[in-house]
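Accompanying notes for the structure given below.
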2 protein chains.
Amino acid sequence: MLRLSKKIEYALISILEVEKHANLEPVSAKFISRRYNIPGELLGKVLQTLVRNNILNSVQGVKGGYALSRSLGEISMLDVMEAIDGPVALTACIDGDFNNCDQYPSCNIRVSMEVVQNDLEIFFAGISMQDLKTKSNNIFIISEMDKLKSANKKNLFREKIN
Amino acid sequence: MLRLSKKIEYALISILEVEKHANLEPVSAKFISRRYNIPGELLGKVLQTLVRNNILNSVQGVKGGYALSRSLGEISMLDVMEAIDGPVALTACIDGDFNNCDQYPSCNIRVSMEVVQNDLEIFFAGISMQDLKTKSNNIFIISEMDKLKSANKKNLFREKIN
DNA sequence: TTAAATACGATAAATTTAGTCCTATTTATG
DNA sequence: CATAAATAGGACTAAATTTATCGTATTTAA
Ligand code: SF4
Ligand code: SF4
């Protein structure tokens, strides 16, 4: 449930690796594939998709490879997820194919799921690749979670306006 | 990507429906199945699972059915998701089978994914079924999203402690 | 005694995800 | 200019997961 796809993981791993080579030669798919033990053909496709979505730049030919098209701080987790797997959609109806849902006519959760969807997009848009890099060696302090929880709760399901 | 399973949707729909009958007879799976056009056998399993996880109570026999075991405010979306589909785990390693991941030895996102996972659990723990009921007829105000976004960002990826 | 209901294991069907194969194109280098 | 290393991408296969069904047992009001 709510598992990231392997392709997303490959994308996140690759973006952080590419950034480490920022001032050097572009990094090849084969290099990343070997370094992180990722199936080469599949990784190629993932990187190509990131290029199409303007997250990476590519250089073709012998000394070719990939580089960042913008800084880590300007790439959100949501950007990566949407680039690789298409729009994040908590439900089928949000994704547009509501006529493919047998519950649509009577559904009692549809509108609230849109609210959750909005908050969830904000959640992932608020996490940048720079954050992932920075925290990669840190430990989240569990005892701090209560404060975070109450702070977070305030933000969700705001009072009705209008 | 990040789609709720149909079973989760059936659970959420059912919990809200069961609550509407709070002071009446217990609601049968068949009633909910017809009302929301949900496959009966599958819905039965979903409701049984909610009973096993102390979210619903059941009454067997002819006039049997289901009722809430606690108020909507005391049931979080996370409770429901975990009851139906098991622990929410953003990655395989978080779910415990890290020896099934070929990237584990070299992975550069593992620790940060744990951070995201924690925040995500807080996110869904902070949404109660009462919230879903209350908001089912409201509209989220898009223009308010910026404020929410910046407030939300502050909570994520806290400064390193220790 | 009967019928309506929950309980639940086993299995099948459908869908999605993960990975492979193949071919084309680009380009640095000898 | 020939070669080899690299990206680009379509088509396909395999694996895994999700969704749904089947069958049987048990409970209980009427
Ligand atoms: S209509 Fe309801 S059940 Fe159908 S996809 Fe939307 S939220 Fe889910
Ligand atoms: S080790 Fe890294 S790649 Fe493997 S499951 Fe964990 S986060 Fe994902």
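Here is how names work: the chains are called A, B, and so on, in the same order as the sequence lines, proteins then strands, and each is numbered from 1.
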Task: Nearest-nucleotide comparison on DNA chain C, the residue closer to the 5′ end among I8(A) and E41(A) - done: I8(A)
TODO: Output the residues of residues 42-69 of chain A in contact with DNA chain C, where contact means a heavy atom of the residue under 4.0 Å from an atom of the strand; sort by number or write none.
DONE: L42(A), K45(A), Q60(A), G61(A), V62(A), K63(A)
Task: K6(B) NZ: over 12 foreign heavy atoms closer than 6.0 Å - done: yes
Task: R70(A) CZ: over 12 foreign heavy atoms closer than 6.0 Å - done: yes
TODO: Scan L43(A), V80(A), V46(A) and name whichever one has a side chain to side chain contact (heavy atoms under 4.5 Å, CB included) with S14(A).
DONE: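 Output: one option passes, namely L43(A).
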Task: No-hydrogen, no-angle side-chain donor-acceptor test under 3.5 Å, T134(B) and D131(B) - done: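 Note: T134(B) and D131(B) side chains miss the donor-acceptor criterion.
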Task: Nucleotide interval of DNA chain C bounded by contacts with chain B (heavy-atom cut-off, under 4.0 Å) - done: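 Range of nucleotides touched by chain B: dA3(C) to dA10(C).
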Task: Distance in Å, M129(B) CE paired with L16(B) CG, rounded so as to fall on 0.5 Å steps - done: 4.0 Å
Open item on the list: Rounded to the nearest 0.5 Å, what separates atom CD1 in I8(B) from atom CG in L2(A)?
Closed with: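 I8(B) atom CD1 to L2(A) atom CG measures 8.0 Å (nearest 0.5 Å).
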Open item on the list: In whole Å, I'd like the distance from the NZ atom of K30(A) to the P atom of dT7(D).
Closed with: 9 Å
Open item on the list: What I'd like to find out is whether the side chain of E9(B) reaches to under 4.5 Å of the side chain of L12(B), using heavy atoms alone.
Closed with: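 They are not in contact (no side-chain heavy atoms under 4.5 Å apart), so the answer is no.
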Open item on the list: Base, sugar-phosphate or nothing for Y10(A)? Non-hydrogen atoms, less than 4.0 Å.
Closed with: sugar-phosphate
Open item on the list: For a quick test of reading the model, state the closest non-hydrogen atom pair linking R35(A) to E17(A) and the distance between them.
Closed with: NH1-OE1, 3.0 Å
Task: 5' precedence on DNA chain D between A29(A) and R3(A) (nearest-nucleotide basis) - done: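 Checking each residue's closest nucleotide, the 5'-ward one belongs to A29(A).
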